[in-house]
Amino acid sequence: MKQIENIPDQGILLFKSCMVSVEYPGIESSTTYAFSKLGIDYLVSDEQSCCTGLGYYFDLFDQMSTTAIAARNFAVARKNGYTNITTLCSTCYAINKKACALLNSNDEVRLNVNSVFKEAGLDDLVYEQNSLDDVDNFYHVVEILLSKAKEIGRLNAIDFSGVRVAAHHACHYYKIQSDDMMGNPNHPLLIDTIAKSCGADVVEWYEDKTLTCGAGFSQIHVNRDLSLKVTRVKLESLKNAGVDLVLHMCPNCQIQYDRYQPVIEKEYGTKYNIVHMNIAQFVALALGADPKKVCGFKTHSVPLDDFLSRIGVSV
Amino acid sequence: MTGTMADPLSEYDTPACETLAQTVKKSLRTSDSIGISRCLQCGACTSSCPAARFTDYNPRMIIKRVMENDISVIEDESIWNCFYCYTCHLRCPRNNSPTQVVQVLKQMAINKGIGLDRLKVLFGYGDTFAEFGVSKIPDLYVGRMKDDFDIRWHEFKEDLDSVRSELGLGTVNVKDSGRGEIRAILEGIGFFKRQEKLKQMARTKKPIFESDTSNESGEITDEAN
Ligand code: SF4
Ligand code: SF4
């Protein structure tokens, strides 16, 4: 298990996410805003590619191709001297960790990937065994923020008291490499802890807290009814727990809740008074960010205007 | 030449072995320590599985059939209900991973031309990825999202570049200094060869089962992207 005192705040490669970029770009700008405020040394590189995770879990990408693309991104981190790869998305997190473990432990994989690099004249991408560690070099943004929770609480400018907040932790962060997550995978509390430090009224447990969001990669597209059934179960239990705000740590989950909540309301003839945002957007707000110019709430499907005015943020 | 083309990549995800369980253990997609032989049929996977909650999919049974070397399991349509949420992987007391097993079974199915109707809408994905270094939701699915979501989403999508620049963010696509790195890597690793094989199979083979989204626009229209 990762220990909080070992979470780095230097040399962070903030790993861009394809779904953050095109659906909720405000998650990225909120993260860089919060990182700057908290004095975290990070880099965003336009050489970094997407992790292939969507393709992998759409059953299209194979493990070797995914590992080769990951090795290229590891070279980007190495060349820039920012080797603490920190993701905005839980799929990027688990995909990169697995690729790194394979490159270190499986000689055939490493040799194959490296020979492809050399044959293409891309010798600078060659991956040296154990040049990165699959535990110590890979983080999710939520871990970095958790390591700064006290400071975030101290700098918080918003009165969140009385706001019922619940967390949806992303499956691929804590269920795949569960030994490496911070805390107990049967009851993840990373987001809860950060929200608490800002004085929110946190609902630590609700029915089905650890149930998937329902997106299931291709499921929302290919098995839409099944996918929405699962999401509805969670929305119902959040409603029963009287939750006002759900905090997320993965753009895929956020799409599933924020974009599909109105769809479920329509199809099931129900109504949820619940809004959604990423934990980085929440922290940025707490640290004084502009809801439009930094948090980018404009791209959300469930409008946040009423919620923001309730907590005294002018829109 | 016969219908099937060489595909070195399938050796890694679905290595040919004497038994299904051996293929699962040897596959690069599964963890080295996967405990499939240790499965005690306790059902913790099924009882925590969201797909089992709403469909007749049953991960415990899938594992049983794999251990019995019942090859027909790859034709069982229920395996396509898995969410890849890894709850079974977390809960299993024997370090087995039904979801990783199912991923291997699905790759085996795909190699036989099963489920290609679901896969073929993705055939533009690899090319987009090679060119821009980003993943894109396939056009067919975006069409459905357009129907589902309201005007706010449509407007923002039209306006993505200006929204991003207002937030101080740069372009979405990867910069690779003209080296065509990603394409060269995918080419060298054999990704496009495999994709060619799948495309060819999708053209010539009749899928064994039809998915409910398969329709005219699901054809391989984005091939040339
Ligand atoms: S939880 Fe593990 S041991 Fe129990 S039935 Fe499922 S795979 Fe077998
Ligand atoms: S990963 Fe698949 S089999 Fe495992 S619990 Fe989730 S839906 Fe069920």
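Lettering follows sequence order; numbering is per chain, from 1. Heavy-atom basis, side chains included; hydrogens, waters and symmetry copies ignored.
- The local environment of NZ in B/Lys157 is crowded, with over 12 non-hydrogen atoms from other residues, nucleotides or ligands closer than 6.0 Å.
- With a 4.5 Å cut-off on non-hydrogen atoms, A/Lys292 touches chain B through its backbone but not through its side chain.
- With a 4.5 Å cut-off on non-hydrogen atoms, A/Glu108 touches chain B through its side chain but not through its backbone.
- Residue A/Leu102 touches chain B through its side chain alone, counting heavy-atom pairs closer than 4.5 Å.
- Contact of A/Ile220 with chain B is not made at all, since no heavy-atom distance falls under 4.5 Å.
- At a 4.5 Å heavy-atom cutoff, the contact between A/Val263 and chain B is made by side-chain atoms alone.
- No close placement of the A/His276 and A/Tyr24 rings is indicated, their centers lying 6.0 Å or farther apart.
- Heavy-atom pairs under 4.5 Å with chain B were tallied for A/Asn106, A/Val76, A/Asp208; the largest tally goes to A/Asp208.
- Of the listed residues (A/Cys171, A/Pro25, A/Ser115), the greatest number of heavy-atom pairs within a distance under 4.5 Å of chain B belongs to A/Pro25.
- Side-chain contact check for B/Gln107 and B/Thr14: no donor-acceptor pair (N or O, by modelled atom type) lies under 3.5 Å.
- For A/Arg72, the part lying near chain B is the side chain, with the backbone staying farther off; criterion is any non-hydrogen pair under 4.5 Å.
- Using a 4.5 Å cut-off between heavy atoms, A/Val109 contacts chain B through its side chain alone, with no backbone atom that close.
- Most heavy-atom pairs under 4.5 Å with chain B: of the set A/Ala101, A/Ala120, A/Gly55, this distinction falls to A/Gly55.
- Under the 30°/60° scheme for interplanar angles, the aromatic rings of B/Tyr141 and A/His221 are found to lie parallel.
- In this structure, A/Tyr260 has its ring center under 6.0 Å from that of B/Phe149.
- Neither the backbone nor the side chain of A/Thr66 has a heavy atom closer than 4.5 Å to any heavy atom of chain B.
- Contacts between B/Ser165 and chain A at a heavy-atom distance below 4.5 Å are absent for every atom of the residue.
- Of the atoms belonging to A/Glu119, not a single heavy atom falls under 4.5 Å from chain B.
- Interface check for chain B: of the options A/Met64, A/Gln48, A/Lys16, the most heavy-atom pairs under 4.5 Å are formed by A/Met64.
- Interface residue B/Tyr84: backbone and side-chain heavy atoms are both found under 4.5 Å from chain A.
- Only the side chain of A/Leu211 has a heavy atom closer than 4.5 Å to any heavy atom of chain B.
- Ring to ring, A/Tyr93 and A/Phe15 are not that close: their centroids are 6.0 angstrom or more apart.
- Looking at A/Val44, neither its backbone nor its side chain comes within 4.5 Å of chain B, counting heavy atoms on both sides.
- In terms of non-hydrogen atom pairs under 4.5 Å with chain B, the most contact-rich of A/Asp62, A/Val116, A/Thr212 is A/Asp62.
- In summary, the side chains of B/Asn173 and B/Thr171 do not present any donor paired with an acceptor at a separation below 3.5 Å, with no hydrogens or angles considered.
- Heavy-atom distances place the side chain of A/Phe117, and not its backbone, under 4.5 Å from chain B.
- Within the 4.5 angstrom heavy-atom criterion, atoms from both the backbone and the side chain of A/Pro185 approach chain B.
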